[in-house]
A.B. asks: 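Questions regarding the structure given below will be posed in turn.
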Amino acid sequence: MTRIDLHCHSTASDGTLTPADLMAAGREAGLDVMAITDHDTTGGWAAAAAARPPGLRLVRGAELSCRWYGVQPAIPLHLLAYLFDPTEPRLAADLAHIRSDRERRAERIVELLRADGVDISWPEVQGYAAGGSVGRPHIAQALIRAGLVRTTNEAFASRWLGTRYFVPKADLDVFEAVRAVRAAGGVAVFAHPRATRRGRVVPDKLIEELAEAGLFGLEADHEDHSPQEREHVRALAERLGLVVTGSSDFHGTHKTVRLGAFTTAPEAFERIAAAATGVPVLG
Ligand code: AMP
Ligand code: FE
Ligand code: FE
Ligand code: ZN
């Protein structure tokens with residue numbers, strides 16, 4: 001059986017394994033195909049490619065921070081972008097902009113916490129991010145170190161990073177993101193589109209409009225979807241002619257999910273690989 005996991009994070013964003021260790025872990029988990037999809041960066045691509053073990057095919061990608069501005073307040077969402085040309089200027093500039101805003105935002109969150117007497121610092125958080133795309137899990141790490149919460153999950157409670165110390169980041173308009181990914185020869189898949197346990201989700205009508213704009217697939221099998229939500233996404237994809245994916249959204253020890261916990265069917269992967277023109281699948 002071919003095991004395909006199309007959504008994994010490394011230390012290039014908020015995962016805890018380096019890109020090289022992620023490749024080794026993929027091999028260990030018996031994967032045949034693995035995608036590296038760090039938040040708003042291709043910073044892990046080169047190290048992952050260099051460490052790719054024989055027998056493990058590598059899909060280079062990223063998870064783009066987006067928002068749908070069709071309602072007030074706008075709804076944040078994630079778009080998985082696969083096999084795009086990382087040198088395409090427009091998309092590269094978009095990613096650089098989001099990453100720098102992530103820094104501004106994380107520093108602001110740290111300021112808010114410090115103003116309330118929380119003993120963490122921006123250099124400490126920067127140290128955890130180690131040059132990668134900084135995110136709330138890195139601030140969570142500081143809160144754990146300070147003894148204020150025990151787990152990353154606890155740090156996302158509303159009294160901490162969920163609401164009380166939440167600061168929005170500069171996300172891309174989702175329609176512009178779909179267009180930018182396509183212009184860079186990539187394929188766009190909507191990550192965990194029905195994850196109601198994470199917050200508000202977009203209506204089916206929006207997904208229909210995104211499909212018309214060039215969205216290629218929907219991630220149905222994901223730990224943040226209930227069985228009913230998975231079924232719903234599957235049916236919607238079928239109706240709209242979109243590819244269905246499944247993946248772990250592995251983050252190392254920042255989450256409990258294991259590599260390959262959810263997988264993508266070989267036919268779906270082949271459709272994605274055939275549609276992309278930015279960079280090839282490696283291996
Ligand atoms: P950010 O991108 O900085 O807004 O932080 C969101 C990231 O934190 C997501 O990509 C997840 O990887 C992670 N995350 C979100 N909610 C949780 C949670 N409840 N527990 C652990 N990690 C979470
Ligand atoms: Fe993440
Ligand atoms: Fe996500
Ligand atoms: Zn993810």
Side-chain angles (χ1 to χ4, degrees), residues 5-17 22 34-41 44 59 61-67 74-82 95 98-110 112-113 125-126 128-129 132-144 149-172 174 177 188-202 218-225 233 245-257 259 261-262 264:
D5 191 339
L6 291 183
H7 185 169
C8 305
H9 295 264
S10 77
T11 50
S13 65
D14 57 2
T16 57
L17 295 187
L22 181 65
M34 174 187 229
I36 181 167
T37 53
D38 280 302
H39 295 286
D40 308 312
T41 185
V59 174
E63 184 173 23
L64 311 187
S65 303
C66 302
R67 234 181 287 181
I75 298 180
L77 58 98
H78 290 167
L79 209 62
L80 291 160
Y82 296 116
L95 294 184
I98 306 179
R99 282 198 307 274
S100 74
D101 189 74
R102 278 179 165 279
E103 305 256 329
R104 175 205 64 84
R105 174 251 203 166
E107 189 170 7
R108 179 76 191 125
I109 294 174
V110 171
L112 292 174
L113 285 159
V125 172
Q126 273 182 310
Y128 297 141
S133 205
V134 64
R136 283 179 287 166
H138 301 118
I139 304 172
Q141 221 172 319
L143 294 175
I144 294 169
V149 297
R150 278 165 304 168
T151 63
T152 310
N153 200 38
E154 252 181 70
F156 274 84
S158 64
R159 62 176 295 228
W160 297 108
L161 306 174
T163 310
R164 173 93 175 78
Y165 298 97
F166 176 77
V167 175
K169 57 187 177 345
D171 302 323
L172 297 175
V174 65
V189 172
F190 197 147
H192 41 75
R194 276 274 152 177
T196 50
R197 67 184 62 161
R198 282 177 174 233
R200 291 177 306 151
V201 297
V202 303
L218 302 178
E219 189 180 57
D221 295 320
H222 185 285
E223 67 162 352
D224 289 346
H225 283 160
V233 172
T245 67
S247 40
S248 65
D249 200 356
F250 178 74
H251 277 72
T253 56
H254 278 157
K255 283 192 183 178
T256 53
V257 75
L259 276 171
F262 299 97
T264 296

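What you are looking at is a predicted structure, and each value in this text was computed from that prediction instead of being measured. Start at 1 and go down the list; that is how both ligands and their atoms are numbered.
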A.B. asks: Give the atom numbers and elements of ligand 1 that come within less than 4.0 Å of a heavy atom of Gly135.
C.D. replies: 3 (O)
A.B. asks: Whether the side chain of Thr152 engages the backbone of Pro137 through a donor-acceptor N/O pair (distance < 3.5 Å, no angle test) should be reported.
C.D. replies: no
A.B. asks: By atom name, which N, O or S atom of His9 is the nearest to the Zn ion (ligand 4)?
C.D. replies: NE2
A.B. asks: Going by side-chain contact (heavy atoms from CB on, under 4.5 Å), His78 matches just one of Arg198, His7, Glu219. Which one?
C.D. replies: Arg198
A.B. asks: Provide, to 0.1 Å, the distance between atom 21 (C) of ligand 1 and the closest protein heavy atom, together with that atom's residue and name.
C.D. replies: Thr152 CG2, 3.7 Å
A.B. asks: Ignoring water, what protein N, O or S atoms are under 2.8 Å from the Fe ion (ligand 3)?
C.D. replies: Glu63 OE2, His78 ND1, His192 NE2
A.B. asks: After noting the C-alpha distance and the side-chain angles of His222 and Arg194, does the key distance pass the side-chain contact (heavy atoms from CB on, under 4.5 Å) rule?
C.D. replies: CA-CA 10 Å; His222 185 285; Arg194 276 274 152 177; over 6 Å; no
A.B. asks: Can you tell me if Thr264 uses its side chain to pair, donor with acceptor, with the backbone of Asp5 under 3.5 Å?
C.D. replies: no
A.B. asks: Which bit of Asp14 gets closer than 4.0 Å to ligand 1, counting heavy atoms only: side chain, backbone, both or neither?
C.D. replies: side chain
A.B. asks: Going by atom types alone, do His251 and Asp14 pair a side-chain donor with an acceptor below 3.5 Å?
C.D. replies: yes
A.B. asks: Starting from atom 5 (O) of ligand 1, which protein heavy atom do you reach first, and at what distance in Å?
C.D. replies: Arg136 NE, 3.5 Å
A.B. asks: Does the shortest distance from the Zn ion (ligand 4) to an N/O/S atom of His7 fall below 2.8 Å?
C.D. replies: yes
A.B. asks: Please check: side-chain N/O of Tyr82 versus main-chain N/O of Leu6, any donor-acceptor pairing under 3.5 Å?
C.D. replies: yes
A.B. asks: Is Asn153 close to ligand 1, meaning an N/O of one under 3.5 Å from an N/O of the other?
C.D. replies: yes
A.B. asks: Nearest to the Zn ion (ligand 4), which N, O or S atom of Glu63 do we find?
C.D. replies: OE1
A.B. asks: Would you indicate whether the side-chain heavy atoms of Val59 and Thr37 approach each other to under 4.5 Å?
C.D. replies: no
A.B. asks: Walk me through it: do Val134 and Tyr128 pass the test side-chain contact (heavy atoms from CB on, under 4.5 Å)?
C.D. replies: CA-CA 8 Å; Val134 64; Tyr128 297 141; over 6 Å; no
A.B. asks: Pick whichever of Arg197, Arg105, His39 has a heavy atom sitting closest to atom 1 (P) of ligand 1.
C.D. replies: Arg105
A.B. asks: Run the ring-centre check on His39 versus His9 and record whether the distance is less than 6.0 Å.
C.D. replies: yes
A.B. asks: From atom 2 (O) of ligand 1, work out which of His251, Lys255, Arg102 has a heavy atom at the shortest distance.
C.D. replies: Arg102
A.B. asks: Quick check: does any side chain N or O of Arg164 sit under 3.5 Å from a backbone N or O of Ala157, one acting as donor and the other as acceptor?
C.D. replies: no
A.B. asks: Looking at His225 and Ala220, would you say the former's side chain and the latter's main chain have a donor-acceptor pair under 3.5 Å?
C.D. replies: yes
A.B. asks: Within the structure, does His254 bring an N/O atom to less than 3.5 angstrom of an N/O atom in ligand 1?
C.D. replies: no
A.B. asks: Closest to the Zn ion (ligand 4), which N/O/S atom of Asp249 is it?
C.D. replies: OD1
A.B. asks: Tell me, which protein residue and heavy-atom name are nearest atom 15 (C) of ligand 1, and how many Å apart are they?
C.D. replies: Phe156 CE2, 3.4 Å
A.B. asks: Which of these, Glu107, Arg102, Glu103, sits in a side-chain contact (heavy atoms from CB on, under 4.5 Å) with Arg105?
C.D. replies: Arg102
